[in-house]
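My structure is below; once you've seen it, I'll send some questions.
What you see is a predicted model, and the numbers here were worked out from it, not measured in a lab. Both ligands and their constituent atoms are indexed starting at 1 by order of listing. Heavy atoms only: backbone and side chains are in, while hydrogens, waters and symmetry mates are out.
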Amino acid sequence: MAYFYDHLMRHVNYHRWALYISELFSFAEGERVARVLELACGTGNLLLELAQAGYKVCGLDLSYEMAREAAARLHKFKLESEKKSNHPLPFAPCAWRGDMQNFAVAAPVDAVICLYDSFNYCAEPERARRLLNCAAAAVRRGGLFIFDVCTEHNCRRNFGNYYERESYLEVSYIRRAYFKPLRKIQVNEFFITDDFSRGPTLYERHEQRIYSLREIEAMLDPQQWVLAGRFDGMSRRPGTEKSDRVHFVLKRI
Ligand SMILES: C[S@@+](CC[C@H](N)C(=O)[O-])C[C@H]1O[C@@H](n2cnc3c(N)ncnc32)[C@H](O)[C@@H]1O
């Protein structure tokens, strides 16, 4: 999917999202947020926005192809900025392949972020707890972990029975999405065909676990995190089960 991911996401305003996230950074205590790690960074769209805004960014993604796109995007940014300013960047933005449920960093960052429903890729609460523990180990005291989740309301209303057929360059894909209410699983299936070679149709299946907001709050270890905010979409209104997307802002104790 990495090949056409940006096309699939063309409706997303990453610039606006990055502005929103940087506003949420004001919840951090102590030094101003400068070093940011994005988990499940995809092709690096948001990382690039944050890098352009002056943050020292790095990212990881489980998919090698996604991480490679992100790394290439950040490297291009580095070369262009150095050419423009005639100075080496003080920090090389980077992305690598890694599992957000099992990672560690050499030096703590000011903020960890995990966006666009990526938290929902934790198939069981135990995995989500592992993610929260890894993030807690990666963030300095007073730093933040910001993530968003997709609600059941959004799944039922917009992706309960969804079908899309699209072409991008020489690739065509069909996307089928449906929600499994008993297991609380949102399924996205992609059937991908290379129109040029007319080779076999590739199948990619994504399963996301939809947690209630209460379930997520119950996962937070009070010795690690304080819930600083729970917001509806990209606003400061309280996030509820009726929101489509809820941003959680956790502060490291
Ligand atoms: C919906 S995309 C979001 C990508 C990016 N955050 C964005 O906003 O465009 C979800 C991403 O989560 C990644 N992912 C799923 N499970 C993961 C895991 N255990 N560790 C790291 N990345 C994971 C996928 O490879 C995919 O790139």
Side-chain angles (χ1 to χ4, degrees), residues 1-22 24 36-52 55 57-74 93-105 111-135 137-138 145-151 154-155 158-159 162 164 168 173 175 177 185-190 192 202-211 233-234 244-248:
M1 232 175 72
Y3 179 73
F4 59 85
Y5 183 76
D6 291 347
H7 179 75
L8 187 72
M9 293 289 130
R10 63 196 180 283
H11 60 285
V12 181
N13 187 337
Y14 283 101
H15 181 68
R16 183 165 161 243
W17 207 339
L19 278 176
Y20 176 68
I21 295 298
S22 46
L24 295 181
V36 182
L37 166 65
E38 184 178 12
L39 309 177
C41 64
T43 55
N45 285 308
L46 198 102
L47 280 177
L48 177 66
E49 293 288 344
L50 291 177
Q52 285 169 340
Y55 293 97
V57 301
C58 51
L60 63 85
D61 198 283
L62 189 63
S63 151
Y64 170 75
E65 288 79 7
M66 289 283 198
R68 187 181 55 190
E69 291 288 323
R73 180 164 270 157
L74 294 173
C94 58
W96 67 92
R97 184 181 177 274
D99 185 349
M100 63 185 174
Q101 296 157 18
N102 183 16
F103 74 94
V105 292
V112 171
I113 59 177
C114 181
L115 299 170
Y116 215 113
D117 316 337
S118 299
F119 186 93
N120 297 101
Y121 278 87
C122 296
E124 295 116 36
E126 191 41 45
R127 287 170 183 249
R129 273 192 215 99
R130 262 190 257 157
L131 161 58
L132 287 159
N133 285 338
C134 288
F145 179 30
I146 301 175
F147 62 93
D148 70 328
V149 290
C150 172
T151 59
N154 187 26
C155 294
N158 299 319
F159 299 102
Y162 180 87
E164 175 187 351
Y168 172 67
Y173 60 88
R175 175 185 180 187
I185 300 288
Q186 175 67 47
V187 181
N188 272 282
E189 293 178 313
F190 292 88
I192 307 163
L202 303 174
Y203 175 68
E204 202 169 312
R205 182 185 173 89
H206 292 242
E207 290 198 358
Q208 288 169 291
R209 171 78 177 262
I210 306 304
Y211 297 100
M234 287 190 210
D244 283 344
R245 175 179 304 283
V246 173
H247 282 91
F248 279 81

Check: Which bit of M100 gets closer than 4.0 Å to ligand 1, counting heavy atoms only: side chain, backbone, both or neither?
Finding: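 Looking at M100 and ligand 1, atoms from backbone and side chain both fall under 4.0 Å.
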
Notebook entry, point to check: Can you check whether C122's main-chain N or O pairs, donor with acceptor, with Y211's side chain at less than 3.5 Å?
Noted result: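 Flag set: sc Y211 to bb C122 pair under 3.5 Å.
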
Note to self: Can you report which non-hydrogen protein atom sits closest to atom 22 (N) of ligand 1, along with the distance?
What the structure shows: L62 N, 3.0 Å

Next item on the list: For R175 and N188, run side-chain hydrogen bond (donor to acceptor under 3.5 Å, both in side chains): C-alpha distance rounded to whole Å, both residues' side-chain angles, the deciding distance at 0.1 Å, then the answer.
Entry: CA-CA 7 Å; R175 175 185 180 187; N188 272 282; 2.9 Å; yes

Next item on the list: Could you tell me whether a side-chain N or O of N120 sits under 3.5 Å from a main-chain N or O of R209, the two making a donor and an acceptor?
Entry: yes

Notebook entry, point to check: Below 4.0 Å from any atom of ligand 1, is there a heavy atom belonging to Y14?
Noted result: yes

Next item on the list: Begin with the C-alpha distance, continue with both residues' side-chain angles, and end with the deciding distance and a verdict on side-chain contact (heavy atoms from CB on, under 4.5 Å) for F4 and F190.
Entry: CA-CA 11 Å; F4 59 85; F190 292 88; 4.3 Å; yes

Next item on the list: Check ligand 1 against C41 and write out every atom of the ligand that is under 4.0 Å from a heavy-atom position of the residue.
Entry: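 Every atom of ligand 1 under 4.0 Å from some heavy atom of C41: 5 (C).
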
Checklist line | Region of Y116 engaging ligand 1 - heavy atom pairs below 4.0 Å | finding: both

Item checked: Aromatic ring pairing Y14/W17, orientation class (parallel under 30°, perpendicular over 60°, tilted between) ->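 Geometry flag for W17 against Y14: parallel rings.
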
Next item on the list: Give the residue and atom name of whichever protein heavy atom lies nearest to atom 2 (S) of ligand 1, and the separation in Å to one decimal.
Entry: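 Heavy-atom neighbour on the protein nearest atom 2 (S) of ligand 1: Y5 OH, 3.3 Å.
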
Notebook entry, point to check: Which ligand 1 atoms, with their elements, are less than 4.0 angstrom from a heavy-atom of G42?
Noted result: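 Those of ligand 1 that fall under 4.0 Å from G42 are 4 (C), 5 (C), 27 (O).
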
Next item on the list: Show which atoms of ligand 1 fall inside a sub-4.0 Å distance from at least one heavy-atom site of D99.
Entry: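 Heavy-atom distances to D99 below 4.0 Å select 18 (C), 19 (N), 20 (N).
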
Item checked: Per-atom contacts of ligand 1 with L115, taking only distances under 4.0 Å to non-hydrogen atoms -> 3 (C), 6 (N)

Notebook entry, point to check: Which ligand 1 atoms does E38 reach within 4.0 Å, using its non-hydrogen atoms?
Noted result: 6 (N)

Next item on the list: Between M9 and ligand 1, find which residue part has any heavy-atom pair under 4.0 Å and reply side chain, backbone, both or neither.
Entry: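 Answer for M9: neither.
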
Margin query: As an exercise, identify every atom of ligand 1 less than 4.0 angstrom from a heavy atom of S118.
Written below: 3 (C), 6 (N), 10 (C), 11 (C), 12 (O)

Next item on the list: Starting from atom 16 (N) of ligand 1, locate the nearest protein heavy atom and write down its residue, its atom name and how far away it is, to 0.1 Å.
Entry: Y121 CB, 3.7 Å

Notebook entry, point to check: Relative to the heavy atoms of G98, which atoms of ligand 1 are at a distance of less than 4.0 Å?
Noted result: 20 (N), 21 (C)

Item checked: Identity and distance of the protein heavy atom lying nearest atom 5 (C) of ligand 1 -> A40 O, 3.3 Å

Margin query: Does the residue D61 have a heavy-atom contact with ligand 1, meaning some pair of atoms that are separated by less than 4.0 Å?
Written below: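 True for this residue.
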
Notebook entry, point to check: For the side chain of D148 and the backbone of D117, is there at least one donor-acceptor N/O pair under 3.5 Å apart?
Noted result: yes

Margin query: Show, in sequence, the C-alpha distance, side-chain angles and deciding distance for Y116 and R245, and conclude whether the side-chain contact (heavy atoms from CB on, under 4.5 Å) test is met.
Written below: CA-CA 9 Å; Y116 215 113; R245 175 179 304 283; 3.7 Å; yes

Checklist line | Donor-acceptor contact present, side-chain R10 to main-chain H7, <3.5 Å | finding: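 Yes.
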
Next item on the list: Indicate the ring-plane relationship of H206 and Y121, choosing parallel, tilted or perpendicular according to the 30° and 60° boundaries.
Entry: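 Rings of H206 and Y121: perpendicular, over 60°.
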
Check: Tell me, which pairs form a salt bridge (charged side-chain N to carboxylate O under 4.0 Å, His left out) where one or both residues lie in residues 57-74, sequence neighbours left out?
Finding: D6-R73

